[in-house]
Every structure is written in C-alpha cells, then in structure tokens.
S.K.: 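Encoded as structure tokens, here's the structure I'll be asking about.
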Amino acid sequence: MPGFELFGEEERKEVNDVLETGILMRYGFDGPRKGIWKAKELEQAITEVFGCSYAQLTSSGTSALTTAMAALGIGAGDEVIMPSFTFVASFEAVLSVGAVPVLVDIDETLTLDPDAVRAAITPKTKCVMPVHMCGSMADLDALQQICREFSLILLEDACQSIGASYKGRMLGTIGDAGTFSFDFVKTITCAEGGVVMTNSKDIYSKSDGYTDHGHDHAGVDRGADLHPFIGFNYRISELHAAVGLAQIRKLSTFLEIQKKNNLLLRSYLEQIPEVSFRKVPEGGVDSYSFLSWFLPDETLTRAFVEEMKTQGILAGNFYWFVNNWHYISKWDHLKQAKTLNALSEVQKQAILQLGQTSFPASDAIMSRCISTAISLVWTEEQIRDKGEKMAKAIQKVLLANRQNA
Ligand SMILES: *Cc1c(COP(=O)(O)O)cnc(C)c1O
C-alpha cells in the first residue's frame, strides 16, 4: 500500500538535486535555484498522470481539503455532506472553513450511500464530499446526478485512492475539485504533502494563492505580488516535492504490484462462501491498496479478530468498527465538540447533535468489515501463507459458530 516501502536511490537523487542548490522553498530565488523547480515539476506530472487541467500542491492532504473548500467558496454555516466512515481529516477540513459536517450512512461501497445523501439535503447544503476509502469509490454517477439536481458542489476526498478510476477517469479529477494526500502511509508519499486537482482555472488560481498567503504569483518579484484575498501558508517544500517526484514515476509499478498481491490474497478468501467483498461501482477500477471484505455478522467478525490476535497475526487487518480512528463510533472528541478555540454556535450544535444520532445502516456494514492492507514488499510465499492462515481462522470461527447454534 504505501510508497515508503519502495524508497530508494530515485528519491535520494531528487532530494540531492535540491540540496545541491540549497533552495528549499518552492517560490522565488530564480537565479540561485539553477533551474530546479521540483514542486512545479511534480504538479505538471500530476496533471499528466491523472488527467486533470490543474494541480496545486499543499503541505498535507488535510490542507488540500481546506484549500479546495475555500477555493470552492464553502464557508460559514454551509453544510457539507460526508460519510460516517472516513479519516478525521475530512471533518477537520470542513470545520476549519467554518462549515458544518453532515455525516450520513455508507453502503457496501464503504462510502456515501446516494439515498442517504439525498435524504440529508437542506437549503443550507453546499457540497457533497464522497471519501473514496481504502482504494475504491463511491457511486459517482449517482452523486453527480444529485449535485446537478440540487446545484451542489462535488468535492472528492481521494486521499486514500490514488490510482483508482471510475468510467475511465482517475478518482480526484471527476468532481469540481479533488484531493490526494501524500503523507507517509499513502500510495505515493512526499513524507508530508497533498494536492488539489481541478479542471477549473478559477479554482486552481484561488488554490494557488490561498496556500501562499494570498499571493497572486503574477510577476517575477515575489515582494511585489498583490494579494487579492486572504490566504494561509499551506506550501509544500522543495524537499518534500522532490520525494514525490521520484514516487510518482514509480506509481504504475506500485499499482501493478498492489493488484497482483491483492488478487492472490483474495483468491484464498473467495473460496469461502460466507465471505463477501466490498462493492465496487460499475465502471470502477480499484487501486487494490486494500482488500476489504465482509463476514456474515458482527459476532463472527469479532471472533475472527480475536482468533487472529490470539495467533499474533492480526497486523495489517483493520477492523475499523472498533479498532481505529476512521469511524464515527470512535470520534468522541468530535461528538463532544472538544475544540481549543470556540466554534460557531451553528457548528457546535450540529456536532453535539452527532452524539445523539445513530447510524444503524453504517454499523451493520462496518461491524462486519475487515480491510486487509496490501504490502508492496510481500513475496508470493508470504501472501500464500497469509491467505492460508486467514482462511483457516475464518473457517475456525464459522465452525465454532455452527457448533454453538
Ligand atoms: C490521509 C487522509 C487525509 C489527509 O491526509 P494528511 O496528508 O495526513 O493530512 C484525508 N482524508 C483521508 C480519507 C485520508 O486517508
């Protein structure tokens, strides 16, 4: 799954180019940088590899989401519909621009259920934000239809699905804007970094200014730039961009390995009739970074997790429902509105309300779901061993369950 597993000579070479000039910042210093522009080069590569008109690098995936929302004009009191299963960064970004996260149920795609989105629309809804979790996607046709019907913005959080596609287009390039994260555990990494992708020149140039204190970047003299609006500092450094440049050149190799390893592991679980798999919408191509699968019920799933723990082989199998920081059941800090600075009353009331809201449809899915992270460095022998052990553990809990019945 993560690019850091195959870090080497190529990354060192790119970083060294930057260290040779000593110009670690992405803007200015045109003379001393001797033609080295890693961030610009990476942005260009992103537009080519993923097929979008514009790319703006940022300091993280979280700041990419914040930047995209600001550039899309999402702000005070606007409601952003997002899934109950995601990484905390998704709602952090919504809150950071003064907007209100409206969490709704997921379906077996592991992201937004279009019917749940429709039911959550109010006059304040401004944006629908699918989060393409664990390498695969939401039903984007259905969501685009809803956005057209109600004049809503579609913002894709594709941070976890670099390289997956839907009907021939790469995830993150389909909505009004989309984001990737290049943090240390993502499919390709910059150590820390992110990107806003869009086909709109306006959204791009706003993103460009917003990530650099509102600079218009119109002239050659940075000191003489105008500031048409207020921005922040969400810049990426040349050192980080250099790592990303080496990584993006290896992306197709990473994706090939992921697919091969994922399908081999899957072949072991497919032999068990009680196991089913995450739904990939028609026309979608998974990035294969995770194998996400279901057991028939929560009891069996918990028993499987216990069995794997007992055998000391649970690592890499994520039971998001209880173990991790990706599902609403674990977001007490959000539900209790624990912020350091005061939120607006509208935001505060909305997130306190989440503590009183139940998500039975999401629970019914997440309580049966395991995501197995796919490593780039597994040998075939290791995958076969893993597949056999997982299949045995599943058979064991199924048998025990039948005997108890
Ligand atoms: C990783 C991630 C982010 C944010 O990324 P950072 O670069 O760590 O800030 C946002 N959304 C999702 C779904 C993620 O997995």
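Counting convention: from 1, in listed order, for ligands and their atoms alike. Sequence positions, counted from 1, serve as the residue numbers for this chain.
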S.K.: Have Asn199 and Tyr204 got a donor and an acceptor in their side chains that come within less than 3.5 Å?
M.R.: no
S.K.: Please say which of Lys40, Arg33, Arg26 ends up in a salt bridge (charged side-chain N to carboxylate O under 4.0 Å, His left out) with Glu238.
M.R.: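 Between Glu238 and the candidates, salt bridge (charged side-chain N to carboxylate O under 4.0 Å, His left out) is satisfied uniquely by Arg33.
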S.K.: Do any nitrogen or oxygen atoms of Gly61 come within less than 3.5 Å of a nitrogen or oxygen of ligand 1?
M.R.: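 Checking ligand 1 against Gly61, an N or O pair does fall under 3.5 Å apart.
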S.K.: Keeping Tyr54 on the side-chain end and Ile203 on the backbone end, is there a donor-acceptor pair under 3.5 Å?
M.R.: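 Looks like no, no N/O pair under 3.5 Å.
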S.K.: Is any NZ, NE, NH1 or NH2 atom of the basic residue among Lys259 and Glu256 found under 4.0 Å from an Asp or Glu carboxylate oxygen of the other?
M.R.: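 No, Lys259 and Glu256 are not salt-bridged.
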S.K.: For atom 1 (C) of ligand 1, what's the nearest protein heavy-atom neighbour? Residue, atom name and distance, please.
M.R.: Lys186 NZ, 1.7 Å
S.K.: Are the side chain of Ser165 and the backbone of Gly168 linked by a donor-acceptor contact shorter than 3.5 Å?
M.R.: no
S.K.: Do Gln311 and Glu307 have a side chain donor and acceptor closer than 3.5 Å?
M.R.: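 The criterion, which ignores hydrogens and geometry beyond distance, is satisfied for Glu307 and Gln311.
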S.K.: Which atoms of ligand 1 are found less than 4.0 Å from any heavy atom of Ala89?
M.R.: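 Numbered from 1, ligand 1 contributes 3 (C), 4 (C), 10 (C).
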S.K.: List ligand 1 atoms under 4.0 Å from Ser60, heavy atoms only on the residue side.
M.R.: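 Counting from 1, the qualifying ligand atoms are 7 (O), 9 (O).
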S.K.: Mark up the atoms of ligand 1 that fall under 4.0 Å of a heavy atom belonging to Val131, in ascending order.
M.R.: 13 (C)
S.K.: Can you confirm whether or not the ring centre of His217 sits under 6.0 Å from the ring centre of Tyr27?
M.R.: yes
S.K.: Looking only at protein heavy atoms, identify the closest one to atom 5 (O) of ligand 1 and say how far it is in Å.
M.R.: Ser181 OG, 3.2 Å
S.K.: Has ligand 1 got any nitrogen or oxygen that is less than 3.5 angstrom from a nitrogen or oxygen of Thr86?
M.R.: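 It does not: no N or O of Thr86 is found under 3.5 Å from an N or O of ligand 1.
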S.K.: Just jot down the ligand 1 atoms closer than 4.0 angstrom to any heavy atom of Cys159, in number order.
M.R.: 2 (C), 3 (C), 10 (C), 11 (N), 12 (C), 14 (C)
S.K.: Starting from atom 8 (O) of ligand 1, what is the nearest protein heavy atom, named by residue and atom, and what distance separates them?
M.R.: Asp183 OD2, 2.6 Å
S.K.: Identify, for atom 11 (N) of ligand 1, the protein heavy atom at the shortest distance, and state residue, atom and that distance.
M.R.: Asp157 OD2, 2.8 Å
S.K.: Any N or O on Glu192 sitting closer than 3.5 Å to an N or O of ligand 1?
M.R.: no
S.K.: Assess whether a salt bridge exists between Asp107 and Lys279, defined as any Lys/Arg side-chain N lying under 4.0 Å from an Asp/Glu carboxylate O.
M.R.: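 Salt bridge flag = no for Lys279 with Asp107.
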S.K.: Between Glu192 and Lys186, is there a salt bridge with N-O shorter than 4.0 Å?
M.R.: no
S.K.: Please state which protein non-hydrogen atom is closest to atom 9 (O) of ligand 1 and give its distance, to 0.1 Å?
M.R.: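 Protein heavy atom with the smallest distance to atom 9 (O) of ligand 1: Thr62 OG1, 2.5 Å.
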S.K.: List every atom of ligand 1 that sits less than 4.0 Å from any heavy atom of Phe87, numbering the atoms from 1 in the order shown and giving each element.
M.R.: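 Result: 2 (C), 3 (C), 12 (C), 13 (C), 14 (C), 15 (O).
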